[in-house]
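Quick notes on the structure that follows.
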Amino acid sequence: MDFIHDIEKSRQPVNAVRNIMKTRVFEDLDVPNFAERTRAFLKIQDGCNNFCTFCIIPWSRGLSRSRDPKSIIHQAHQLVDAGYKEIVLTGIHTGGYGDDLENYRLSDLLWDLDRVDGLERIRISSIEASQIDEKMLDVLNRSSKMCRHLHIPLQAGDDTVLKRMRRKYTTEEFYNKMGLIRQAMPDVGITTDVIVGFPGETDEMFRNGYDLMKAIQFSEMHVFPYSKRTGTPAARMEDQVDDEVKNARVHELIDLSEQLQLAYAQRFVGQILEVIPEREYKGAPSGSKMQGYSDNYLQLIFNGSSELEGQLCRVKLTKAGVNECEGELISVMDNGLRAAAQ
Ligand code: SF4
């Protein structure tokens, strides 16, 4: 034991890591990730400048920095040549792309990607409501390659909580922005993240959030109980919420999410959606069913075998479900057919 006490007294903090706040250049590793063999995840951005009070990311990943547009476009061409039809743009704070570039925003990148021949779908992993400006609304409205799916973190649906979280919008601004997005891109599925039980969240504040989420009609919500991140301002706040209260609120929002997921899927029953099958569906005899995501991020299970993998298919949604929907293969599209269909 004495030995341990000696070490504790004499040890110095380990400081072998460079100061991440001084990193201002995107480390271009040039290695995309892949979901199955159909979607490629292309990292375009790292770090974040926002400093939300619950989040450690700006401290651990540094400030926002963007990958060089030429390098992204080059890699997009390579991915298309390798057979990928969908690219998911990822980052720590993806919508912050371009904040450190001169006169080049995420919307400019999206138009440049829109011109990549053979690329069928562009998805953004996540974007903040405040980053959806006029130019972005225009891309959503006019680019046929942009998926009808956006992930926009709300985090909390009460103005007092949002302020304490140091988020950059009010509930009214967020709600109004969702309206503008839906005008620009009808039928878009909007998914979100919510933190439940942030310090100081009262029943009334939680209820305000519940009502707002219901009014916005998200197509899915990822619900997380607040958990302290050492070193963040929120970890030092008073009025931490009891775990039991947090859990009850989490369950309430998961139930709401399931209702909203089903309601969103039901709107598409009878409609034909474009789906890229990712893999065989395990719950059916081998070679009989495939599963994949539609552009608006509904998971469809439909008749077909693995030779459909990675191809753009037209699938009629026949039965809506919470996490999976059933469908019927109508046709397989090649690029020429898609162009003709537009
Ligand atoms: S929650 Fe998102 S926006 Fe806020 S600091 Fe973390 S990464 Fe940045």
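Numbering of ligands and ligand atoms starts at 1, following listing order. Heads up: numbering here begins at 1 and tracks the sequence.
Judged purely by distance below 3.5 Å, without hydrogens or angles, the side chains of D159 and T171 pair a donor atom with an acceptor atom. Side-chain contact annotation: H151 with T191, donor-acceptor N/O pair under 3.5 Å present.
Protein contacts to atom 8 (Fe) of ligand 1 involving N, O or S atoms at a distance below 2.8 Å are C48 SG.
Heavy atoms of R167 found under 4.0 angstrom from ligand 1 belong exclusively to the side chain.
Ligand 1 places these atoms under 4.0 Å from at least one heavy atom of F54: 1 (S).
The pair E128-R167 counts as a salt bridge, with a side-chain nitrogen and a carboxylate oxygen less than 4.0 angstrom apart. The pair K145-D114 fails the salt-bridge criterion, with no side-chain N (NZ, NE, NH1 or NH2) lying under 4.0 Å from an Asp/Glu carboxylate O.
In this structure, R166 falls outside the shell of residues with a heavy atom less than 4.0 angstrom from ligand 1.
A donor-acceptor pair is defined here as one N or O able to donate and one able to accept, closer than 3.5 Å; such a pair exists between the side chain of T192 and the backbone of I152.
Taking each heavy atom of L110 and I122 in turn, the nearest pair found is CD2-CG2, 3.8 Å.
Evaluation of the side-chain hydrogen bond (donor to acceptor under 3.5 Å, both in side chains) test over residues 233-246, restricted to residues two or more places apart or in two chains, returns none.
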